[in-house]
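So the structure is just underneath, and the comments pick up after that.
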Amino acid sequence: MTPAEVAFRGARAVQAHAERLGIVGGAPLPAPDLAASCRPWVYPPANGRASGYVAAAERIRNGALDIFALRGVEVGQPPRWNRDPKTGIQAPLAYGKTLDYRDPDLVGNITYLWAPNRHRHFVTLAQAYAASRQAKYFHELAEQLESWLVACPYRLGPNWASALEASIRLINWSIAWQLVGGVRCPMFESAHYAELRTRWLRSVYQHAEFVRGWFSLHSSANHHLIGEAAGLFICGVTWPHWKRAAAWVATGKRILEREALVQNAPDGANREQALSCHRQVLDFMLLALFAGSANGRAFPADYSARIEAMLDYLASIMDAQGNVPQLGDAGDAEAVRLAEAEGFCPYRSLLATGAILFGRGDFKLKAGALDDKTRALVGVGAEEQYAALDARRTRLPLRRTFPQGGYYVLGCDFDTPQEIRLLADAGALGYRSIAAHGHADALAFTLSAGGREFFIDPGTYVHHTQAGWRQYFRGTSAHNTVRVDGEDQSVQGGSFMWLNKANAGCSLWVSSADKDCFEGWHDGYRRLADPVKHRRLIELDKSSRRIVLDDTLEMADEHEVELFFHCHEASDVRASGGSFVVRRGDVSVRLTLPSALGASVQVYRGSLAPMSGWISRAFDCRQPAPTIVWRARLAARSVLHTEIQVRFA
């Protein structure tokens, strides 16, 4: 940390203790002016689409929620809001800002605890009420809200430890509030629910003030800050019942306008080098855009342009069947849930929304069918607007190079059954000094053919717990690149921190009708006693569908060198004549590894010693997947030549 950040964090600790002791922050809450109102910017499900929301709401009424790896978990009626549903540990109602929520013995798995407290399921209950007009869904929402207000008093417990979590709760409250009818909801006409409305608004005010005074700043100013600003802005727009709301709107909007351009590169890549963060930032920015547009708080053109660039990037790395690589930290913690359809894809949904917002037929081509989340945000006319877009007039691919993000797309026959799409990574480790959500994946690549993933990024699995697994999935051996002497390219310093960061870059990019050629480098192993520099050349011959990887290692002494190829979990991997054939249905790739004296090759699947051969498609879920590992001890300058031949039956 810089001296300025050390001073900031010291002052913040003093502030937290002063608040805990009641020395500051005890001003009375002003009464709300209920004459003020906002224009809704989220729309209820159409009558013909109500059944899915009613069914989901019934499951919630029965006390069951899906929380990451736990399906249909009983959270209680009402839910036990301060209890981790995975471990059963009940977190104390200590002062939230000083509570160590990273301590699993104290709070359990905080990611599991926080998930239901985001109140995404409140939106589902509100959607069911709006679509069916059955009061029981409002009653369920009200009962859960009342229980939360009692169980989670202002500033106490784990649900008052994070400004981002408070902001996401505000966003979901905003959507639920609109769907039930806002301040004029007929249910609020009864004395009981009128009193609940008063208590709800009191907590809204407390949430907004909590967020405003507890922004993630300095080295923590990543997607958390964008989410916090979005929550504060949306809060001020949704509930303009206090004079302070105008300041919430102005502050949130100012931060969003700045951070949208700072945290997302002009080429559209999010600087955290994590696609899950990219998705969440897009969600926050789009939700704020819709809220502002409906209420006379329009964002400037460069804000919208950056959203469009981020969608361009997303469409460009998505293969013909809608698969996207699990770059960097991956997570399932969606900010909002507006669609209940089976098989809902959040990435395609973002492109569908962008297709209407920017009139992009090419986004429609990638998105496929219109989804319910886009319908909820666009409202009346969404179907007609989407149908009017002509996907055939704007053929893909979109962009091929993202130099600020460090990503390069090699391939041919894009968005056809014969597509080859390879994504090469020569980007930074992550964002700011701690690079919290980056992985040690310099010069890694992913490959899909015909919309089938072959060489993949295994994902993330866990965040705050199970340190060994956290280290593995973030480490170099969990990516399709080279590892030297069993060391990660960058040095981990904790679950969300890196102490020594590899620099990487692209030194060559050439693309023609016949061939794509990329060369990148990184210096992560220059820190070794005998420094090693790694360069990787990737060439795709489009007519022969052959990919060549040449890994050059500049070194003086002897080192152990490993090459990793992580295969899709459903692929069949077999040795064949000195090569490996990786097959998925009627598409296959033949992997021919380098020849070197004393080299060995092993295929791992679900190995614990060493950790290898795993993939995580969802938070806290892992399963075996074949990983091909080539090893050799090499001395002096070495060039490792690998060939990948793609075949379509």
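Heads up: numbering here begins at 1 and tracks the sequence.
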Exercise. Between the main-chain N or O of Ile168 and the side-chain N or O of Arg118, is there a donor-acceptor pair closer than 3.5 Å?
Worked result: no

For this session: Output, in order, the C-alpha distance, side-chain angles, deciding distance and verdict of side-chain contact (heavy atoms from CB on, under 4.5 Å) for Ser167 and Phe284.
Result: CA-CA 10 Å; Ser167 293; Phe284 290 137; over 6 Å; no

Exercise. Looking at Tyr43, is Arg375 sitting on its ring face, NZ or CZ under 6.0 Å from the six-membered ring centre and within 45 degrees of the normal?
Worked result: no

For this session: Please confirm whether the backbone N or O of His223 pairs with a side-chain atom of Gln263, one donor and one acceptor, at under 3.5 Å?
Result: yes

Problem set entry | Derivation of the side-chain hydrogen bond (donor to acceptor under 3.5 Å, both in side chains) call for Glu209 and Trp248 | CA-CA 9 Å; Glu209 287 296 283; Trp248 301 338; 2.8 Å; yes

Problem set entry | Reported CD-to-NE2 distance for the pair Glu272 and His437, which is rounded to 0.5 angstrom | 5.0 Å

Exercise. Hey, is the main chain of Ala618 close enough, under 3.5 Å, to the side chain of Ser616 for a donor-acceptor pair?
Worked result: yes

Exercise. Ignoring hydrogens and geometry, is there a side-chain-to-backbone donor-acceptor pair from Thr460 to Ala330 under 3.5 Å?
Worked result: yes

Exercise. Closest heavy-atom contact between Gly494 and Arg474?
Worked result: O-NH1, 2.7 Å

Exercise. Does the ring center of His439 lie less than 6.0 Å from the ring center of Phe473?
Worked result: no

For this session: Please tell me if the side chains of Asp283 and Lys373 come closer than 4.5 Å, counting only heavy atoms from C-beta onward.
Result: yes

Exercise. Is the side chain of Ser147 donor-acceptor paired with the backbone N or O of Gln144 at a distance under 3.5 Å, no angle test?
Worked result: yes

Problem set entry | Between Phe138 and Tyr193, ring centroids under 6.0 Å | yes

Problem set entry | Nearest non-hydrogen partners of Leu164 and Gly227, listed with the distance | CD1-CA, 3.9 Å

For this session: Begin from the C-alpha positions of Trp614 and Gln623 and carry the test side-chain contact (heavy atoms from CB on, under 4.5 Å) through to its verdict.
Result: CA-CA 6 Å; Trp614 297 96; Gln623 61 180 305; 5.7 Å; no

Problem set entry | Mutual orientation of the aromatic rings belonging to His218 and Phe8 [parallel < 30°, tilted 30-60°, perpendicular > 60°] | tilted

Exercise. How about Leu499 and Met497: do any of their side-chain heavy atoms sit closer than 4.5 Å?
Worked result: yes

Exercise. Can you name the closest pair of heavy atoms from Pro32 and Leu201 and give their distance?
Worked result: CG-CD1, 4.1 Å

Problem set entry | Parallel, tilted or perpendicular, as decided by the 30° and 60° cut-offs, for the rings of Phe496 and His464 | tilted

Exercise. Are any non-hydrogen side-chain atoms of Arg271 and Val281 less than 4.5 angstrom apart?
Worked result: no

Problem set entry | Nearest-0.5 Å distance, OG of residue Ser349 to CG of residue Leu377 | 7.5 Å

Problem set entry | Exceeds 12 heavy-atom contacts within 6.0 angstrom, atom CZ of Arg297 | no

Exercise. Quick one: CG on Leu289 to CH2 on Trp41, what's the gap to the nearest 0.5 Å?
Worked result: 10.5 Å

Exercise. Given side chains that start at C-beta, do those of Val42 and Gln127 come closer than 4.5 Å, heavy atoms only?
Worked result: no

Exercise. Counting heavy atoms not belonging to Arg133, are there more than 12 under 6.0 Å from its CZ?
Worked result: yes

Exercise. Does Phe210 have Arg212 sitting over its ring (NZ/CZ under 6.0 Å from centre, angle to axis within 45°)?
Worked result: no

Exercise. Does Asn172 reach the main-chain N or O of Val336 with its side chain, forming a donor-acceptor pair under 3.5 Å?
Worked result: no

Problem set entry | Trace of the side-chain contact (heavy atoms from CB on, under 4.5 Å) decision for Phe619 with Tyr112 | CA-CA 10 Å; Phe619 180 77; Tyr112 273 94; 4.0 Å; yes

Seminar exercise, completed: Value for CZ (Phe215) from CD1 (Ile255), rounded to nearest 0.5 Å, stands at 3.5 Å

Problem set entry | Side-chain touch Tyr137/Thr124, heavy atoms, less than 4.5 angstrom | no

For this session: Just do the salt bridge (charged side-chain N to carboxylate O under 4.0 Å, His left out) check on Lys136 and Glu140 with the steps written out, would you?
Result: CA-CA 6 Å; Lys136 62 182 179 179; Glu140 181 67 25; over 6 Å; no

Problem set entry | Pi-cation contact, Trp214 with Arg12 (under 6.0 Å, within 45°) | yes

For this session: Assess whether side-chain hydrogen bond (donor to acceptor under 3.5 Å, both in side chains) is satisfied between Asn270 and His278, documenting all intermediate values.
Result: CA-CA 5 Å; Asn270 179 266; His278 185 103; 5.4 Å; no

For this session: Look up atom CD1 in Ile110 and atom OG1 in Thr465, then write down how far apart they are to the nearest 0.5 Å.
Result: 11.5 Å

For this session: State whether Glu74 and Arg80 are salt-bridged, where the test is any N-O pair (Lys NZ or Arg NE/NH1/NH2 against Asp/Glu carboxylate O) under 4.0 Å.
Result: no

Problem set entry | Salt bridge present between Glu257 and Lys253 (N-O < 4.0 angstrom) | yes

Exercise. Where the side chain of Glu228 meets the backbone of Val211, is there a donor-acceptor pair that is under 3.5 Å apart?
Worked result: no

For this session: Establish, from distance only, whether the side-chain atoms of Gln178 and Ser174 form a donor-acceptor pair under 3.5 Å.
Result: yes

For this session: Evaluate the criterion side-chain contact (heavy atoms from CB on, under 4.5 Å) for residue pair Tyr205 and Trp239; output intermediate values, then yes/no.
Result: CA-CA 9 Å; Tyr205 188 96; Trp239 294 286; over 6 Å; no

Exercise. In Å and rounded to the nearest 0.5 Å, what is the CG to OG1 distance from Leu170 to Thr238?
Worked result: 9.0 Å

For this session: Identify the heavy atoms of Leu70 and Pro85 that sit nearest to each other, and give their distance.
Result: CD1-O, 3.7 Å

Exercise. Do the side chains of Asn117 and Arg169 get nearer than 4.5 Å, heavy atoms only?
Worked result: yes

For this session: Verify salt bridge (charged side-chain N to carboxylate O under 4.0 Å, His left out) between Arg337 and Asp66, making sure each step is shown before the conclusion.
Result: CA-CA 12 Å; Arg337 180 182 299 149; Asp66 293 338; over 6 Å; no

For this session: Could you tell me if the ring centre of Trp114 sits under 6.0 Å from that of His463?
Result: no

Exercise. Are Trp160 and His207 close enough that their ring centres sit under 6.0 Å apart?
Worked result: yes

Exercise. Trp469 vs Tyr461 aromatic rings, parallel, tilted or perpendicular, using cut-offs 30° and 60°?
Worked result: perpendicular

Exercise. Hey, is Glu5 close enough to Arg9 for a salt bridge, meaning N to O under 4.0 Å?
Worked result: yes

Exercise. For the residue pair His121 and His119, does the interplanar ring angle fall in the parallel (under 30°), tilted (30 to 60°) or perpendicular (over 60°) class?
Worked result: perpendicular

Exercise. Can you find a pair of side-chain heavy atoms, one from Tyr129 and one from Gln134, that are under 4.5 Å apart?
Worked result: no

For this session: Indicate yes or no for a side-chain donor-acceptor contact from Arg279 to the backbone of Tyr347 under 3.5 Å, with no hydrogens or angles considered.
Result: no

For this session: Output yes when a side-chain donor or acceptor of Asp84 lies under 3.5 Å from a complementary backbone atom of Ile89, and no otherwise.
Result: no

For this session: Search all heavy atoms of Leu286 against all heavy atoms of Leu350 and return the closest pair with its distance.
Result: CD1-CD2, 3.7 Å

Problem set entry | Main-chain N/O of Met285 paired to Tyr303 side chain as donor or acceptor, under 3.5 Å | yes

Exercise. Under a 4.5 Å cut-off applied to non-hydrogen side-chain atoms, are Phe122 and Ile175 in contact?
Worked result: no

